[in-house]
Amino acid sequence: MSHPPHPPLPRWIGHRGAAERAPENTLASLRRAAADGAQWVEFDLRLTADGRPVLLHDATLERTTNGCGPLAAQRWADLRGLDAGSWFGHDFRGEAIPSLAQALECCAALGLGANLELKAEAGGEDALVAAVAEALEKCQVPVIVSAFEIEALECAARRMPKIARGLLCHGAPIDAGHRARALGCASVHVAEGALDLERSIALRADGASLLAYTVNDCARARALYEFGVAAVFTDDPARFAAAF
Ligand code: G3P
Ligand code: MG
């Protein structure tokens, strides 16, 4: 298994773009993050029925678009007309679900690095990873990929061995750093609320960089940095750009 190191990371990364100020996982959100001072963004990737990776957090369309049902049952052509902005605010009416290719093009134009979070359906890990690997082939954007699912990380190690991987965890299990390194991951991404100094030291003991989600309070971010957290994911890049 490959063990690629991650590219240099900033201290904070825009979560789903700038999720507090623009509709998450849209190009407007990526642009807002960049305009607000972000150097990197995180976004979530799922695969359409016809094999296109697109930006969406939930498995279904209802919460963040005017569509309904599982994203995995929809073809790209059917998704393109959906409105992924109005739920957030009238100013974003007509904002579309972006494809990964569009998001990478946007990141390249804005000088953003990107954490691509793989949200694969069970059994669909290899198909998602293969499509992401293809999209990254000619891409110059600095990236890391992350996933909660071990299968997705194993597929990533096979399909794109040079791209740095991060193990995502619910909470902050004490063995997560060790498991991350065993999977060839350069970083471990944990829930910030579960972190204290002792847990942070344990998570970094095997050499993984420690990243924490989702931190919207700058005082909490400062405490996490003191624990040894390398970077946090925040919904509000503007607040972090002003503070750090
Ligand atoms: O990548 C950090 C964070 O986005 C993981 O959780 O559910 O917000 O995608 P979620
Ligand atoms: Mg995410």
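Remember, it's 1-based here, ligands and their atoms both numbered in the order they're listed. All residue numbers in this chain count up from 1 along the given sequence.
Nearest N, O or S atom of E42 to the Mg ion (ligand 2): atom OE2. Within D44, the N, O or S atom lying nearest to the Mg ion (ligand 2) carries the name OD1. Checked against the Mg ion (ligand 2), the N, O or S atom of E117 at the shortest distance is OE1.
Within the structure, ligand 1 lacks H189 among the residues with a heavy atom less than 4.0 angstrom away.
Looking only at heavy atoms of the protein, atom 10 (P) of ligand 1 is closest to H57 NE2, 3.3 Å. Here the heavy atom of the protein found nearest to atom 8 (O) of ligand 1 is R16 NH2, 2.7 Å.
Using modelled atom types, one finds no donor on one side chain facing an acceptor on the other under 3.5 Å when comparing R158 with S2.
The CG atom of D44 sits 4.5 Å away from atom CG of N25, with the distance rounded to the nearest 0.5 Å.
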Checking D78 against W76 for the side chain to side chain contact (heavy atoms under 4.5 Å, CB included) test, could you report, in this order, the C-alpha distance in whole Å, the side-chain angles of both residues, the deciding distance, and whether it holds?
CA-CA 5 Å; D78 303 322; W76 169 237; over 6 Å; no

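The K119 neighbourhood of ligand 1 comprises atoms 7 (O), 9 (O), 10 (P), with distances under 4.0 Å to a heavy atom of that residue. Of all atoms in ligand 1, numbered sequentially from 1 with element shown, those under 4.0 Å from a heavy atom of E117 are 1 (O), 3 (C), 4 (O), 5 (C), 6 (O), 9 (O), 10 (P).
With respect to R16 and E42, no salt bridge is recorded, no charged nitrogen being found less than 4.0 Å from a carboxylate O.
Among the atoms of N115, none of the N or O lies under 3.5 angstrom from an N or O of ligand 1.
Relative to the six-membered ring of F240, R11 misses at least one condition, a distance below 6.0 Å or an angle of at most 45° to the axis.
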